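The shown structure was predicted, so the numbers you read here are calculated from the model rather than taken from an experiment. Within every chain, numbering begins at 1; the chains are lettered A, B, ... in the order of the sequence lines, protein sequences first and strands thereafter.
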Amino acid sequence: MNRSLTITREPLDEAALLSRRTLSVGMGAVVHFLGIVRDREDGKKISAIEYEAFEQMVTHQFNLLFDEMEKRWPIESIRLVHRVGIVKVNEPSLWVEVVAPHRGEAFAACQWLIDEMKRVVPIWKKPVV
Amino acid sequence: MNRSLTITREPLDEAALLSRRTLSVGMGAVVHFLGIVRDREDGKKISAIEYEAFEQMVTHQFNLLFDEMEKRWPIESIRLVHRVGIVKVNEPSLWVEVVAPHRGEAFAACQWLIDEMKRVVPIWKKPVV
Amino acid sequence: MRISVQFYSYFKDLTGCAETTESLADGSTLGALHEQLIKKFPKLAAMKKSTLIAVGVDYQTRDYVLNDGEQVSLFPPVQGG
Amino acid sequence: MRISVQFYSYFKDLTGCAETTESLADGSTLGALHEQLIKKFPKLAAMKKSTLIAVGVDYQTRDYVLNDGEQVSLFPPVQGG
């Protein structure tokens, strides 16, 4: 399984990410997820979210999750980018891509990864008013 | 709900589709699905799939599905492109984008739409050897 | 009454044509039309249970009562995506 | 033995610092360290049950036996995405 993990302070460049996708001839499904910063947090208007990460542990925990994905599903490629620092409202903080033979496993794996990430990957949010 | 449906003989241009995305400040989730033509159909090597569509009915049936999605989930935008004619192995035949406030509803709506499409939208595949 | 019928996908191979016109008694149902088509194109019989039938752009069941000039489509299970 | 402790997210606000060093008897557990930290920084008490604790880059439970020089991190529930 091809893995790519990026924790970055730079804005996400979706077009550049797409141009680097590799896809073998047996693959039938690509699922992307983008998490976008919304304009409200706990009912209050915000202008941005500041993401803080314990970076070494983030990398390690994502790799444990990727190991588990590889056991559960026949995934060819997982790529994930998470921004840290200040991310403005309406900008993406998270981009995930899963490539697999069939759509069922691609959707299942992508959703599982995001759910698990929100349980174990040490990244925290702080609203900016 | 913003709707965009395209049935086309042209190759999919993902970058152009992304550049036309609109996203209001309350939206937190974007899900994309790409269906790619695989190199095997029923265990046999193929070089392409030829898609045939009953186009007027395709448009009508997709609109019925979009109506139902609008009732079920708070979706801001659904965009779908399906190619017809010959689509080579390793090229996408289907592109779907769902924009919603939260990821749960974006994933659920996207998967529901694809499942229903495969039940009621009159498009057929013919393998090309 | 006269009903125009279109075939899609491999139903065109089974019947050898993309379109035909059938004459039926007024008040005939879609089920009666289907039976008449199976007599005319016997290869449709094997697919009888999985055949999808639309009148215009909407699916209809076999008890649907046809009206003169309506356009009917017969096709196998769909497979988009 | 001496254990270096790091705080993340609003735990830094609760303790007023990002890092501290604790002295503990050899063979002490992570649970004992946590109690010692709560005595030193009483605002951590309210979060006791939801506190996540890592040694190095792995989560560990309260019965984990610490070794001299290990790096411990305490933080609230994670919220990435």
Colleague: What distance do B:R38 atom CZ and A:L23 atom CG have between them, rounded to the nearest 0.5 Å?
Modeller: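 Those atoms lie 11.0 Å apart.
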Colleague: Which of the residues B:S19, B:G26, B:G104, B:C110 is involved in the greatest number of heavy-atom pairs with chain A at under 4.5 angstrom?
Modeller: B:G26
Colleague: When only pairs under 4.5 Å are counted, which of B:V98, B:I114, B:V96 shares the most heavy-atom pairs with chain A?
Modeller: B:I114
Colleague: Given the rule in the side-chain contact (heavy atoms from CB on, under 4.5 Å) test, do B:L18 and A:H32 qualify, once you have shown the distances and angles that lead to the verdict?
Modeller: CA-CA 12 Å; B:L18 293 189; A:H32 289 145; over 6 Å; no
Colleague: Look up atom CG in B:L34 and atom CZ in A:R21, then write down how far apart they are to the nearest 0.5 Å.
Modeller: 5.5 Å
Colleague: Using non-hydrogen atoms only, which part of A:P92 is less than 4.5 Å away from chain B: side chain, backbone, both, or neither?
Modeller: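 Contact with chain B: none, neither part.
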Colleague: Go through the atoms of A:R40 and report whether side chain, backbone, both or neither lie under 4.5 Å from a heavy atom of chain B.
Modeller: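 No part of A:R40 comes within 4.5 Å of chain B.
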Colleague: Indicate the atoms forming the closest heavy-atom contact of B:I36 with A:M27, along with that distance.
Modeller: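 Minimum heavy-atom contact is CB-O, 3.5 Å.
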Colleague: Can you confirm whether more than 12 heavy atoms, excluding those of A:E50, are under 6.0 Å from its CD atom?
Modeller: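 For A:E50, atom CD is crowded (more than 12 foreign heavy atoms under 6.0 Å).
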Colleague: Count the heavy atoms belonging to other residues, nucleotides or ligands that lie under 6.0 Å from CD of B:E70, then report whether that count exceeds 12.
Modeller: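 Buried by this count: over 12 neighbours within 6.0 Å.
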Colleague: Using a cut-off of 6.0 Å, state whether more than 12 heavy atoms not belonging to A:K126 lie near its atom NZ.
Modeller: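 Incorrect, the count does not exceed 12.
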Colleague: Heavy-atom pairs under 4.5 Å with chain A are the metric here; pick the option from B:D115, B:V99, B:V37 that has the most.
Modeller: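 Highest number of heavy-atom pairs under 4.5 Å: B:D115.
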Colleague: Please verify the inter-ring angle class for B:F33 with A:F107; under 30° counts as parallel, over 60° as perpendicular, anything in between as tilted.
Modeller: parallel
Colleague: Could you tell me which of B:A106, B:A29, B:A15 has the largest number of non-hydrogen atom pairs under 4.5 Å with chain A?
Modeller: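 Sorted descending by pairs with chain A, the first entry is B:A29.
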Colleague: What verdict does the side-chain contact (heavy atoms from CB on, under 4.5 Å) test give for B:Q111 and A:V31, after you've listed the backbone C-alpha separation in whole Å, the side-chain angles of each residue and the deciding distance to 0.1 Å?
Modeller: CA-CA 11 Å; B:Q111 290 177 90; A:V31 171; over 6 Å; no
Colleague: Answer with side chain, backbone, both or neither: which region of A:S93 has an atom nearer than 4.5 Å to a non-hydrogen atom of chain B?
Modeller: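 Interface part for A:S93: neither.
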